[in-house]
Amino acid sequence: MSAITLDNITKTYNKGSVLAVDKATFEVAEGETFGLIGPDGAGKTSIFRVLTTLLLPDGGNATVAGLDVVKDYQAIRNCIGYMPGRFSLYQDLTVEENLRFFATIFNTSIEENYALIKDIYVQIEPFKKRRAGKLSGGMKQKLALCCALIHKPVVLFLDEPTTGVDAVSRVEFWDMLKRLKSQGISILVSTPYMDEAALCDRIALIEGGKILSIDSPANTVKKYPGKLYAVKSSNMHLLLQDLRNYEGTHSCFTFGDSMHLSFKQEAEDNISKLTAYLTSKGHQQLEINEIDAGIEDYFIRITEKANG
Amino acid sequence: MRPLRFLLQKEFRQILRSKSLIFTIIFGPIIQLIILPLAANYTVKNINLAVVDHDHSTYSKKLVEKIYSSGYFLRAGYGDSYNAAADLIAHDKADIILEIPQNFEDNLVRENKQQVYLAVNAINGTKAGVGSGYLGAIIADFNNDVRLQWITPQRFTQAPTIDIVNANWYNPYLSYFMFMVPGLMVSLLTGIGAFSASLNIVREKEIGTIEQINVTPIKKWQFIVGKLIPYWFMGMIVFTVGLAVSRFMYGIIPVGNVGLLYGFLSVYLLTLLGVGLLISTFAETQQQAVSVAFFFVIIFNFISGVFTPIDSMPGWGQALAYISPMSHFASVMRMVVLKGSTFHDIQSHFIAIIILGVIFNTWAVINYRKTT
């Protein structure tokens, strides 16, 4: 049985004038960590809210743990954990009170499921008497994860859990998710960070409410058509303009400390022609290397195709 | 029922932890009940009276002394120039001018008839009306004294007169506090009831905690009841505090049954919390909730009869008062506290408040379903 299935889920806002999710279809297998990758406003949160029974879809069917999100919403609420993008615990209750509250309303206790949260909770336990509002961002997020896990959910929904969290905490957080996966919990996680996508079992790229691609991170990047080159020179600003004006260029983007460039047509003499062109434009210390495409490169490539 | 218990536990913990809330609920009413009745006092006193005396006779001085000794008037000026006195009104130093004409005494004695002239600053209508009324009564009284002195008493008075004797029922000394303090308690409870619950629910919306609650097995009614019960208790506490303040500060001891007051209050609070709940379904932020609650509380207050009698309102005002929960509680409060009314006397209010409570709460629950 799949942990989550979506079949042509559609969601609109403002009486149908805003299309947030456009016939989204995917499946998350049991015990899988599935990433929903896309920029802000792509429709990730809408999908989360439909799956967590907070929103009714306008069309399509969806199940969570084999239960229908519309008909069996009460049963779903008993067996899922949801961590919204925004910190949504009681800031005026202490760490311990928040955890105990969420345990009790699920008819369980901290002690009963302590094993599940132990690894995470020990890190915030020294502050258990502190009010949640006074915690640092990273600690708030750990507490939220504990509260979402305390009733031993079958499926865990994490909506942009690492947005606004420092780099070290982000790495720690993904380590925690890995451990949860080993406990057999299925996880649906969304993120705008492409580097985190590589940590999922499978990812769906989403843009403008449409699912553009579903595959493992490794296979996703393999789908990149053609070759990709990293170009560097002494004058990077001018380089971007010149590359974009070059007749053979398909697309060119700034990427870290270099330009990622793809050609319209793959040809043997692409590099030599480009080198000659750039030299004639006065570029020095020119470096052109073929590289493997990343998820972000692929994402940019398919979104520009989708946008015409 | 187990989840409800934990919700209530959480709710009370949060309330007790919020110092500002405790202050507004416990100390707020005490301070307001101490300050407001003194400030919102309709008894007109300290009327500044300027006297323009063109006569300077024994009688004119007697009249002036009689007026000032009544205790309601302050000396704002005494002279023989009307223009100077008019200037005092223009500069807000005098409220009323009393002009005594020349030959006041002579004419009064000789012709048995005299006129005085009153000019009243009517910007503050209440003060002007009540002030000139007092003054008229004092002058009439003075007139009587003079007549008694000058007209030889006869066996039968020449003109038959009707003498009016007043008896003030339920509030024999016309104590302003007896009337106003119970009314202000109603006003305070209405404010707290309409604001606190709606603000609390909207707060959960605003900071997003309702999202987290909605994905738990907690049912809507449990969440709503979990919000209403704590504020229902708060209302009861505020009322008890208010009764204590009015007893020890103003010596007001309800003539009627206090249990009856609590009985009515318990239904009234449910109605009011329904109004708060309704507001919370319309508002997304606490700021919106405050604006809407403020709108209703102001209307409730002004048509409640606490400050102005409902009977003197126009027809639509009276109709509005009838569908406003606060006016029913205000009537019941005064009836029971001052008059000792029994359940039988107030049952029409009871029925009205129950109907209003059912309407507001049903509306709120229906609307709550729709919005989420």
Side-chain angles (χ1 to χ4, degrees), chain A residues 45 48-56 64 69 72-94 96-109 129 131-134 140 143-151 153 155-159, chain B residues 1-25 196-197 199-227 229-231 234 281 284-286 367-372:
Chain A
T45 299
F48 270 86
R49 289 171 59 89
V50 166
L51 292 175
T52 52
T53 74
L54 290 170
L55 271 184
L56 291 175
V64 173
V69 289
D72 306 320
Y73 74 97
Q74 284 289 2
I76 289 180
R77 289 177 185 183
N78 270 309
C79 65
I80 59 165
Y82 176 40
M83 187 175 150
R86 208 164 121 215
F87 182 70
S88 308
L89 300 175
Y90 293 99
Q91 314 235 5
D92 46 356
L93 294 182
T94 65
E96 203 182 10
E97 284 165 348
N98 265 303
L99 193 56
R100 200 166 291 283
F101 174 68
F102 283 100
T104 52
I105 57 176
F106 279 102
N107 240 325
T108 178
S109 64
K129 297 281 175 220
R131 298 200 182 166
K134 299 239 157 70
K140 273 183 184 166
L143 174 60
L145 186 59
C146 284
C147 289
L149 282 171
I150 193 63
H151 58 290
V155 186
L156 188 60
F157 291 90
L158 307 167
D159 190 6
Chain B
M1 289 310 273
R2 240 171 80 94
L4 185 58
R5 209 181 84 217
F6 295 119
L7 275 175
L8 286 174
Q9 193 182 35
K10 175 213 105 184
E11 217 58 59
F12 275 112
R13 192 173 268 158
Q14 285 181 304
I15 289 171
L16 292 178
R17 201 161 281 177
S18 157
K19 286 197 186 72
S20 60
L21 197 63
I22 293 294
F23 182 85
T24 33
I25 283 172
S196 50
L199 275 186
N200 191 293
I201 294 177
V202 175
R203 183 157 167 258
E204 296 235 4
K205 273 196 202 174
E206 202 172 44
I207 59 177
T209 46
I210 203 164
E211 197 93 313
Q212 196 83 65
I213 291 290
N214 280 345
V215 292
T216 68
I218 289 179
K219 298 192 174 59
K220 288 252 157 73
W221 70 266
Q222 290 170 328
F223 181 75
I224 292 174
V225 172
K227 288 289 176 200
I229 290 178
Y231 290 99
M234 288 294 147
T281 63
E284 284 303 316
T285 64
Q286 294 188 69
N367 212 42
Y368 192 84
R369 284 222 186 106
K370 241 190 239 168
T371 51
T372 49

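A quick note: this is a predicted structure, and the numbers were derived from the prediction, not measured. Only heavy atoms go into these numbers, but all of them, side chains included; no hydrogens, no water, no symmetry mates.
A 4.5 Å side-chain heavy-atom check between A:Arg77 and A:Thr52 finds every atom pair outside the cut-off. A 4.5 Å side-chain heavy-atom check between B:Lys205 and B:Gln286 finds every atom pair outside the cut-off.
Under the 4.0 Å criterion applied to side-chain N and carboxylate O atoms, B:Glu211 and A:Arg49 are assigned as salt-bridge partners. Salt-bridge formation is detected for the pair A:Asp92/B:Arg203: a Lys NZ or Arg NE/NH1/NH2 atom is positioned less than 4.0 Å from an Asp or Glu carboxylate oxygen.
For chain B, the nearby part of A:Phe87 is the backbone; its heavy atoms alone come within less than 4.5 Å. Residue contact with chain A, scored on non-hydrogen atoms closer than 4.5 Å, is absent for B:Gln9. Using a 4.5 Å cut-off between heavy atoms, A:Phe101 contacts chain B through its side chain alone, with no backbone atom that close.
Side chain of B:Gln222 to backbone of B:Lys219: a donor-acceptor contact under 3.5 angstrom is found.
Ranked by non-hydrogen atom pairs under 4.5 Å with chain B, the options A:Ile80, A:Leu89, A:Thr53 are led by A:Leu89. In terms of heavy-atom pairs under 4.5 Å with chain A, the best-connected choice from B:Val215, B:Ile213, B:Ile218 is B:Val215.
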